[in-house]
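In what follows, a structure is listed as structure tokens, so that the remarks can point back to it.
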Amino acid sequence: MLTQNEFKEHAKALLDFCQYPAVQYKVKFSLLDTPYEDEGLSALRGEFLKSDIVEEMYQTQDINGGWGKLRSKDYSVKAKIPTSGVGIERCLYIGLTIEDRDILFMASEYLQELLLGRGSEGVFEKNERANPWQKAIICNYLEAITPNHPLCDETYHQWLYIAGRAYEDGEYSYEKDRAAQHEVFLTRENRLVPMQSELLLKRRQKISDGLEDAMLRHLGRKACENGYFWEKTPDKLPNSFVYKQTRRWFHTFNYINQFKGSKIYLENAVEWLLGNAREDGLWDWGPQVKDPWGYFGYFSCNRHYSHNRVVDCTIEVLSFLKQYMNNND
């Protein structure tokens, strides 16, 4: 059973281990919820905003406010940040807000231009499912930067209606999901746009506990049994934490961990993580196979040292555990 005090002890161990300003800021601001107005945090924020990882995001951001195309990687260009989607996720992960160095402000402008059809990038395709899918993805990023953005109201309420229809009996119904999508998007195909649960949870106060529970039971069960992003699932954990693909389990962990009540699927995973902390309270997943495409969870521009690997691993574990505690009172 994970307690607040146990979590804080692990966070303090990381603060003692690494003095790098970006790590100190991430732990205090994002993990320990130090108030934004705190004097000590304000001083640390200045150092964080001058750090190499923030400078990397600033220098690689293009004139449109993105980092290349939204989701499609341009293989003709060798870029550290492969897509705008990865760039935005990285900015949010390291702790940037829309008020910091205009990086996310510019990214927000880029996303708004895409939604309004004025962007230089053509993201809306001929496939009838592509337009609603792309709009939902853009709104998901925009809502993460600026919650309750008015440009996302229509898209959000469309998906709230679809989810309400699909789960109205407390269990997911493909037939009702299809009927609702055909009604809302005027599509005809039997193939559906995936349920946009992450976008719906951006305005959690608008969805009922019953709907969230139904989504968790359907999507979480599927993720547990079949693997949602990978075959790495919480009920098939590796015997050794220091395993060549340990990091890849977090794709499924974090997917299920969006929902309140995620403990029903993740309790064993949490116990496994806590049991594999080192004696100093930190985690090290050891040498890994090549990062999955679009990996963004690192805290130094130089990623070739074991010290950085411990920092990256510990922050990823603590970020997961923090969300787990928030969703499982």
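As the structure is a computational prediction, the values presented were derived from the model and not from experiment.
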Subject >> Main-chain N/O of Thr187 paired with Arg129 side-chain donor or acceptor, under 3.5 Å >> reply: no
**OP:** Compute whether any side-chain donor of one residue and acceptor of the other, for Thr233 and Asp235, lie under 3.5 angstrom apart.
**Re:** yes
Subject >> Residues Lys176, Asp169: salt bridge by 4.0 Å N-O rule >> reply: yes
Original post:
Going from OG1 on Thr314 to CH2 on Trp283, what distance comes out if it is rounded to the nearest 0.5 angstrom?
Top reply: 6.5 Å
**OP:** Output yes when a side-chain donor or acceptor of Ser208 lies under 3.5 Å from a complementary backbone atom of Leu211, and no otherwise.
**Re:** yes
Original post:
Same cluster for Met57 and Ile63 if Ile/Leu/Val/Met/Phe/Trp/Tyr side chains link at under 4.5 Å?
Top reply: no
Subject >> Rounded distance (nearest 0.5 Å) linking atom CD of Glu198 with atom OH of Tyr255 >> reply: 9.5 Å
**OP:** Take Gln323 and Ser319 through the test side chain to side chain donor-acceptor pair (under 3.5 Å) and record every step on the way to the result.
**Re:** CA-CA 6 Å; Gln323 185 68 28; Ser319 297; over 6 Å; no
Original post:
What pairs with Phe7 under ring-ring contact (aromatic ring centres under 6.0 Å, His included), at least two apart in sequence or on another chain?
Top reply: none
**OP:** Assign the ring pair Phe320 / Phe250 to parallel, tilted or perpendicular, where the plane angle (0 to 90°) is split at 30° and 60°.
**Re:** perpendicular
Subject >> side-chain hydrogen bond (donor to acceptor under 3.5 Å, both in side chains) partners for Glu212, two or more places apart >> reply: Arg204
Subject >> Centroid-centroid distance, Trp159 to Phe185, less than 6.0 Å >> reply: yes
Subject >> Between Glu183 and Tyr161, a side-chain donor and acceptor under 3.5 Å >> reply: yes
**OP:** Please check if any side-chain donor atom of Glu47 sits under 3.5 Å from a side-chain acceptor atom of Ser51, or the reverse.
**Re:** no
Original post:
Between the main-chain N or O of Glu189 and the side-chain N or O of Glu128, is there a donor-acceptor pair closer than 3.5 Å?
Top reply: yes
Original post:
CD of Glu39 to CG of Leu44: how many Å apart, nearest 0.5 Å?
Top reply: 13.5 Å
**OP:** Would you confirm whether Asp312, through its side chain, and Arg309, through its main-chain N or O, come within 3.5 Å as a donor-acceptor pair?
**Re:** no
Original post:
Salt bridge check: are Glu109 and Arg118 linked by an N-O gap of less than 4.0 Å?
Top reply: no
Original post:
Are Phe253 and Val242 connected, step by step, through hydrophobic side chains (Ile, Leu, Val, Met, Phe, Trp, Tyr) whose heavy atoms are closer than 4.5 Å?
Top reply: no
**OP:** Please answer whether the main-chain N or O of Ala166 pairs with a side-chain N or O of Ser173 as donor and acceptor at a distance below 3.5 Å.
**Re:** no
Original post:
Are Glu9 and Asn5 linked by a side-chain donor-acceptor pair shorter than 3.5 Å?
Top reply: no
**OP:** Please work out which of the three classes, parallel, tilted or perpendicular, describes the rings of Phe17 and His307, given edges at 30° and 60°.
**Re:** parallel
Subject >> Geometric cation-pi criterion Lys26 and Phe48, 6.0 Å radius, 45° cone >> reply: no
Original post:
Roughly how far apart are Asp280 CG and Asp16 CG, rounded to 0.5 Å?
Top reply: 10.0 Å
**OP:** Any chance you could measure Arg217, atom CZ, to Tyr167, atom OH, to the nearest 0.5 Å?
**Re:** 9.5 Å
Original post:
Should the pair Phe241 and Trp272 be assigned to parallel (<30°), tilted (30 to 60°) or perpendicular (>60°) ring geometry?
Top reply: tilted
**OP:** Answer yes or no: is there a donor N or O on one side and an acceptor on the other, between the side chain of Asn148 and the main chain of Arg203, under 3.5 Å?
**Re:** no
Original post:
Taking His157 for the side chain and Cys152 for the main chain, is one N or O donor matched with an acceptor at less than 3.5 Å?
Top reply: no
**OP:** Using atom types as modelled and distance alone, determine if a side-chain donor or acceptor of Gln24 lies under 3.5 Å from a backbone N or O of Cys18.
**Re:** yes
Subject >> Leu186-Trp133 co-clustered via ILVMFWY side chain contacts under 4.5 Å >> reply: no
Original post:
Is there a donor-acceptor pair under 3.5 Å between the side chain of His149 and the backbone N or O of Glu143?
Top reply: no
**OP:** First locate atom CG of Leu49, then atom CD1 of Ile103, and finally report the distance between them rounded to the nearest 0.5 Å.
**Re:** 8.0 Å
Subject >> Pair Tyr298, Asn308: side-chain N/O donor-acceptor within cut-off below 3.5 Å >> reply: no
**OP:** Using atom types as modelled and distance alone, determine if a side-chain donor or acceptor of Asp38 lies under 3.5 Å from a backbone N or O of Gly40.
**Re:** yes
